[in-house]
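The model shown is predicted, which means the values in this text are computed figures rather than measured ones. Computed over heavy atoms, backbone and side chain alike; hydrogens, waters and symmetry mates excluded.
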Amino acid sequence: MKDGTGRTTTVKFRLLGHMHATSGDGEEVELGPAKQRSVLAMLLSDAGEVVLADQLVDGLWGAAPPPGARGTLYSYVARLRRALHAHGVELRRHTGGYVLQVEQEQVDLHRFLRLVDEAQAVHEGPRAAALLHEALSLCRRELLVGLPGPWAAGTRTRLEQVRVAAALRYHEIQLAAGRAEEIVARIYELAMAHPLDERLAAQLMTALYQCGRQAEAVQVYEAVKENLGSRLGVAPGPDLRGVLLRVLPDRHPAAPAASAAAPHTAPHAAPVAGVHLVGAPVVGVPVVGRPRQLPAALADFTGRDQALDEVVRHLAGSSEHGVGLAVIAGPGGVGKSALAVQAAHRLCQSFPGGQLYVDLHGLDPRPADPAEVLERFLRALGVHRTAIPDGLEPRAEMYRDLLAERRVTVVLDGAGGEAQVQPLLPGAPGSAVLVTSRYRLPGLPGARPWQLGMLPRHDALDLLRAIAGRERFEREPRASDELVRLCAGLPLAVRVAGARLAARPHWPVGRLAARLADPRLCLDELSHGTADVRATLAAGYRLLEEPARRLFTSLGLDGRTRFSAATAAALLGADLPAAHDLLARLVEVCLLDAAGGDEFVMHPLTVVYARERGQAEERATARTGS
């Protein structure tokens with residue numbers, strides 16, 4: 001392509017591995033430190049499109065950027081602009097963000113995704129294999145090596161999923177063509193990187209068998225079996241067990257009839273359960289499986305006994321006349337998912353057809369696609385991927401048909417709206433569905449809503465005791481009461497506080513209570529592992545449009561936990577109807593509660609977060625002078 005001066009730019013960018021860029025004459029382009037490279041990677045992933053500054057800040061630091069994050073971002077962009085301009089690549093400012101003027105073919109990430117898409121559209125084995133071979137040659141090693149930040153972590157995971165899917169199809173084509181010797185090392189490498197992936201294990205066993213290495217194939221099965229048992233507490237699935245039957249050097253006479261009836265062919269042509277060889281016929285749809293997808297129920301589940309009993313009774317009784325549907329709504333961190341999973345486990349005997357579970361990531365910038373969820377559900381129900389149709393509606397029809405004669409429990413966690421949920425509902429009576437969401441989802445017909453609030457003081461204290469040990473709290477009753485007060489009944493905050501104390505047995509309870517009492521430290525202290533109160537609040541904040549964000553931060557700077565609509569209007573400098581509209585939006589995303597009349601309540605920890613955001617925006621405004 002040409003830059004603004006008419007020069008032809010031939011810079012090639014590599015993201016799939018150690019990130020680097022080279023000019024047409026082979027000169028290395030200096031890309032700077034790791035965070036600066038992450039900024040460039042985000043711009044390259046949307047090459048030619050506008051990337052908002054907010055997206056770059058979130059992608060680099062997450063929901064809680066440090067003070068001065070905007071200024072640091074601007075310095076990264078300025079350095080990148082100078083370095084790239086020297087090689088004829090323009091990084092331009094655009095309203096609210098930036099555009100990197102490069103063609104997608106200059107970026108290996110885009111070439112990889114294009115080749116995979118082209119291969120998906122090709123049904124001819126050799127042509128698809130050639131495209132996949134070219135695509136996979138671009139990313140043989142770890143992806144986005146050394147790039148920090150949430151964007152890089154999430155993209156790394158998604159790309160690895162695409163790479164594994166592409167590799168599985170490539171292996172499948174090559175195995176069908178009898179080329180096991182050529183690819184067995186490649187399969188082994190990928191299978192070792194994914195020791196719990198039964199699909200890769202099945203292909204590795206098949207390749208070894210075709211190479212005459214039956215004993216090694218059995219060893220692969222034993223290794224996967226041990227890994228699944230020790231890490232997940234489960235046994236290999238029927239597909240992998242079927243592969244074992246076919247590769248055993250000495251088959252037992254009582255082996256299943258399907259195995260015994262298989263034609264006596266050369267090893268390289270042996271059919272393999274769960275691995276559809278290209279060109280082999282797919283006869284009908286396999287027998288529906290009995291999925292067991294529920295996460296483990298919390299052993300210390302506390303304080304929701306009444307809601308739990310009501311949900312279980314409602315679903316167990318209503319499913320005879322229609323699909324039993326419960327919507328559990330409430331703010332982030334209030335325990336919606338824990339309640340839904342607990343109820344689903346209680347319902348196992350009432351719905352013996354199995355349990356399906358998915359996290360819909362409804363608040364994420366890229367929520368789960370219902371069509372992809374249906375593919376996962378259909379696979380869990382025993383449908384081979386080659387029998388799964390393309391498109392949302394055909395998949396939904398197959399899903400409803402499979403569930404028509406079964407009693408299953410479906411948990412749809414973290415829904416972003418009715419449109420995401422509707423295609424995932426069974427069509428016939430007999431099943432139960434639990435949906436969790438920040439929203440109430442009134443558009444779902446026949447749904448019974450439950451709105452979760454904060455834990456009462458005694459339940460919060462019981463939860464703390466269950467996590468960190470009863471004796472500590474009995475030794476410091478006053479500090480324990482203060483800690484519970486500061487968590488303000490939010491189950492996530494209570495859990496994080498308990499986990500931090502459990503991880504620090506030498507800490508007195510009063511030390512953590514004192515740190516939570518400091519607004520500057522409070523949200524930093526309420527983070528442990530993947531549990532993070534600030535990140536949970538930020539997910540709701542990201543749903544807001546600019547006027548609602550401004551009201552939210554103004555309320556935080558004001559500092560009151562209870563206020564009237566008139567107060568909100570005064571803070572915003574708006575009339576009362578406009579303030580009511582924005583307050584309704586804050587209530588909708590569970591950052592406020594309506595207290596009746598014209599009164600509203602903001603959770604104390606939400607006030608802390610809103611104040612943080614407001615102070616950060618004030619500093620940014622002061623720096624820019626606007």
For [X] and [Y], which heavy atoms make the closest approach, and how far apart are they?
X      : Y      : answer
Ser527 : Val496 : N-CG1, 3.3 Å
Leu16  : Asp108 : N-OD2, 3.1 Å
Ile173 : Gly125 : CG2-O, 3.6 Å
Ala41  : Leu147 : CB-CD1, 3.7 Å
Arg611 : Pro519 : NH1-CB, 3.7 Å
Phe112 : Arg163 : CZ-CA, 4.0 Å

One thing to verify: whether [Y] and [X] come together as a salt bridge, which I'm taking to mean a side-chain N less than 4.0 angstrom from a carboxylate O.
X      : Y      : value
Arg549 : Glu546 : no
Arg111 : Glu134 : no
Arg379 : Glu375 : no

Considering only distance and modelled atom types, tabulate donor-acceptor pairs under 3.5 Å from the side chains of residues 535-543, sequence neighbours left out.
residue : atom : partner : partner atom : Å
Thr536  : OG1  : Asp532  : O            : 3.0
Tyr541  : OH   : Glu617  : OE2          : 2.9

Nearest-0.5 Å distance, [atom1] of residue [X] to [atom2] of residue [Y]:
X      : Y      : atom1 : atom2 : value
Gln36  : Leu80  : CD    : CG    : 4.0 Å
Glu90  : Leu84  : CD    : CG    : 9.0 Å
Tyr74  : Arg79  : OH    : CZ    : 15.0 Å
Leu501 : Arg511 : CG    : CZ    : 10.5 Å
Leu360 : Leu424 : CG    : CG    : 6.5 Å
Leu526 : Leu512 : CG    : CG    : 7.5 Å

inquiry  = Closer than 3.5 angstrom, by distance alone: can the side chain of Gln420 be matched with the main-chain N or O of Ala368 as a donor-acceptor pair?
reply    =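 Answer holds: yes.
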
Is a side-chain donor or acceptor of Lys336 paired with a backbone partner of Pro331 at a separation under 3.5 angstrom?
yes

Should we count [atom1] of [X] as having more than 12 external heavy atoms under 6.0 Å?
X      : atom1 : result
His20  : NE2   : yes
Lys12  : NZ    : yes
Glu189 : CD    : yes

Mind checking whether Tyr98 and Arg93 have side chains closer than 4.5 Å, heavy atoms only?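 Tyr98 vs Arg93: side chains touch.
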
Steps toward salt bridge (Lys or Arg N to Asp or Glu O under 4.0 Å) verdict (Arg114, Glu118): CA-CA 6 Å; Arg114 174 181 60 77; Glu118 287 180 12; 2.9 Å; yes

